[in-house]
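Remarks on the structure that follows.
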Amino acid sequence: MAAAKETPRQKMIGMMYLVLTALLALNVSADILDAFAIVNDGLEKTNASVENKIEDYYGIFEQQYLKQPEKAHDYWEKANAIREKTDEIINFIEKEIKVPLVLETENIKEADLFNKDTKKPLLKNIDKTNPDNRRVFYELDLNNIGAKDKYDAATNFMINNGNAAILKKKIQDYRQFVVNTVESAGLSNYNKYVGLLTDVDHNGNKIIYTDNDGQELSWENKNFEHIILTAEIAILNKIVGEIQTTEYDAITALFKQIGSSDFKFESVQARVIQKSDFIIRGQKYEAEIFIAAADTSKAFEVKYVMGTSDFNKATGQPVTLKSKEGKVILSFPTTTAGVHKYAGRIEIPRPDGSMAYYDFHEQFQVAPPSATVAPTKMMVMYEGLQNPISVSAPGFTGDDITISVEGGTFTKDSGDGNYLVSINKGAKKVKVNILAKEASGKRVDLGTQEFRVKQVPDPVVRIGDITGGKVDKEVLLSIGRVMAVMKDFDFEGFNYTVESYTVSTYRGTFIDKLNKGPRFTPEVSELIRSAQPGQRIQFQDICVKDPKGEIRNVGSINVQIK
């Protein structure tokens, strides 16, 4: 999808695809290529989860159609048309592309693919390949594929035999069918919300694909030429995921159209609007009870009884309230914690003088004083950083809450209830104490939250994506610098800079070159350029500087020239 804001699932798929593309750009060994199996497993699990979500949504859609067929019929028909088209393209990818691709690349027969008795079965889910299913899914164990690092047969099947071009045409046709179907239901410009773009973007501009040398490529060549089998399988699963996203967004849009042009006041119903159903002990419970779509000038009475969910079965004497401006304000104090129920009846005269009755019932929860402290980045605090936290408590606004910090200091951050906590040097733990002010002015102790204190972790040092092993010296020279990367660290903007390191090698005698800054000096570049195959080069004593100016020695990178 390419909507204004990506969903977390779309971001995750995009991240997986970036990892996939990055690995393809490197000339890596077969062992490292096993990482593709991890990427592919993640895509398959995500696709399976979304498939279940899609089926659940069709069930909800069908229930709505059965409840009000006169309103939902056209949208249900369109949703089923999209469902059938999605069945067709997913089954095509799985049966006509993925399976023949594996058979040809592995040089095996279809019976071998379904062989469960082999020591290394290729399929993980034979039950999902049942032809009686609406959709078949071939989930492959890429670790058991022998030709996972081969691309000749895969390229021949996808490019030379024209299957990539056929797939692209089916994707384009499917995308246009979804756009046309949804727009025929009254949603204009739906095209700009649909992904699955191959040749042109949402504005009709040509999408340019290039290789590492800047030469222009077609969509087919970019995705399937000289691409190893494991990567092609992962790319196909990514396309299936995009198709599922397109389907889900389309049927969601159609579902929301049901009754979109109807008036919302076609029936008279009792309504209860609570200010909150979660109350701190000592606060008042408040709710508004009114007749939906009623004339606000028409007076009515509300009768209610506490402790029941059925007014007709109530044994106590009901409380009677009269409406004002079409509603009744329900208000009473809360003294005990727990779940409290009440039921009532609205009595309103009809135009002929008879009475109409509308029953209602509600419940709310009264809780003892409490508070929640949620670090907005992680569940620990880091020494030397401003740690953002958000403090809130049910029944209180941010202005009602004050905090104190043991083991550190704090300042208010932007937003209601947000703070930045700085850790005192040497502190092993930090306590955040929370107080709240009630409407009466009384202060309430809402508790204390304790946090562990950790040092900011060392960065990962690397040359491009290289952290060691055998490399081409041309690759080292083209990158030309040592980098310090904060891996899996959630504080945005916190980075280390490389200050210095020593480059060492042995060429009859030990040679050491001190390098200031991250980029290779001319002397270091010449040392690498003159290195012989098999020669080892060490980047030692790599020193980095944090934003506060403190220097750390974070290790070394050892490589061997191919």
Side-chain angles (χ1 to χ4, degrees), residues 1-11 13-14 46-94 133-137 167-205 207 238-267 269 292-293:
M1 285 293 291
K5 183 177 181 181
E6 290 185 328
T7 65
R9 175 176 181 265
Q10 292 162 345
K11 292 178 180 178
I13 291 176
T46 300
N47 291 352
S49 175
V50 174
E51 187 66 17
N52 291 333
K53 187 177 180 181
I54 289 171
E55 287 303 309
D56 289 342
Y57 205 94
Y58 276 118
I60 295 171
F61 208 139
E62 185 175 19
Q63 290 175 14
Q64 191 66 21
Y65 164 70
L66 295 175
K67 288 179 181 178
Q68 43 181 354
E70 69 286 355
K71 294 181 181 178
H73 176 270
D74 290 342
Y75 305 110
W76 176 238
E77 289 292 312
K78 295 179 189 299
N80 274 293
I82 290 175
R83 190 182 199 179
E84 292 176 3
K85 283 292 182 183
T86 308
D87 292 344
E88 291 175 10
I89 190 168
I90 288 180
N91 287 334
F92 172 80
I93 292 173
E94 296 288 338
N133 297 343
R134 286 190 68 105
R135 298 173 188 175
V136 297
F137 293 92
L167 174 60
K168 182 179 77 171
K169 181 64 166 57
K170 286 187 175 292
I171 291 172
Q172 292 171 336
D173 291 344
Y174 172 78
R175 182 183 188 279
Q176 193 58 51
F177 177 85
V178 172
V179 171
N180 292 343
T181 301
V182 175
E183 289 187 347
S184 70
L187 280 82
S188 59
N189 298 320
Y190 189 73
N191 174 71
K192 67 181 181 180
Y193 299 108
V194 184
L196 294 174
L197 301 172
T198 54
D199 292 342
V200 295
D201 61 20
H202 289 99
N203 297 318
N205 300 318
I207 299 175
K238 173 183 174 293
I239 293 172
V240 169
E242 291 181 357
I243 290 170
Q244 290 174 314
T245 298
T246 300
E247 177 188 26
Y248 183 81
D249 289 347
I251 63 175
T252 300
L254 290 171
F255 185 85
K256 290 179 179 178
Q257 285 296 98
I258 298 174
S260 60
S261 60
D262 294 345
F263 292 104
K264 304 304 179 186
F265 45 84
E266 60 184 7
S267 63
Q269 296 179 349

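We number each residue from 1, following the sequence as shown.
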List the atom of [X], the atom of [Y], and the distance in Å for their closest heavy-atom pair.
| X | Y | value |
| --- | --- | --- |
| Val182 | Ala250 | CG2-CB, 3.8 Å |
| Val136 | Ile90 | O-CG2, 4.2 Å |
| Thr181 | Phe177 | OG1-O, 2.7 Å |

With sequence neighbours left out, write down each residue that passes side-chain hydrogen bond (donor to acceptor under 3.5 Å, both in side chains) with [X], or none if nothing qualifies.
| X | result |
| --- | --- |
| Lys169 | Asp173 |
| Asn91 | none |
| Tyr65 | none |
| Ser49 | none |

In Å and rounded to the nearest 0.5 Å, what is the [atom1] to [atom2] distance from [X] to [Y]?
| X | Y | atom1 | atom2 | value |
| --- | --- | --- | --- | --- |
| Ile239 | Leu167 | CD1 | CG | 5.0 Å |
| Ile171 | Leu197 | CD1 | CG | 10.5 Å |
| Ile251 | Trp76 | CD1 | CH2 | 8.5 Å |

Open item on the list: Donor-acceptor check, side chain of His202 to backbone of Val194, threshold 3.5 angstrom: yes or no?
Closed with: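 Present.
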Task: Donor-acceptor pair, side chain of Gln172 and main chain of Thr198, under 3.5 angstrom - done: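 No, the answer is negative, given that no donor and acceptor are paired below the 3.5 Å cut-off.
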- [ ] Quick one: do Leu196 and Tyr174 satisfy side chain to side chain contact (heavy atoms under 4.5 Å, CB included)? Show the steps, please.
- [x] CA-CA 9 Å; Leu196 294 174; Tyr174 172 78; 3.8 Å; yes
Could you pull out all residues at least two apart from [X] that satisfy salt bridge (charged side-chain N to carboxylate O under 4.0 Å, His left out)?
| X | answer |
| --- | --- |
| Lys168 | Asp199, Glu220 |
| Asp87 | Arg134, Arg135 |
| Glu77 | none |
| Glu55 | Arg83 |

Side-chain donor-acceptor distances from residues 57-64 under 3.5 Å, at least two apart:
residue: Tyr58; atom: OH; partner: Glu247; partner atom: OE2; Å: 2.8

Checking [X] now: which residues fulfil side chain to side chain contact (heavy atoms under 4.5 Å, CB included) with it, not counting sequence neighbours?
| X | answer |
| --- | --- |
| Asn191 | Arg175, Val179, Glu183 |
| Asn203 | Asp201, Asn205 |
| Lys170 | Ile89, Phe92, Ile166 |

TODO: Would you mind telling me which of Thr246, Ile243, Thr86 makes a side chain to side chain contact (heavy atoms under 4.5 Å, CB included) with Val178?
DONE: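 Going through Thr246, Ile243, Thr86 one by one, the side chain to side chain contact (heavy atoms under 4.5 Å, CB included) with Val178 is satisfied by Thr246 alone.
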- [ ] Verify side chain to side chain contact (heavy atoms under 4.5 Å, CB included) between Gln68 and Ile258, making sure each step is shown before the conclusion.
- [x] CA-CA 9 Å; Gln68 43 181 354; Ile258 298 174; 3.9 Å; yes
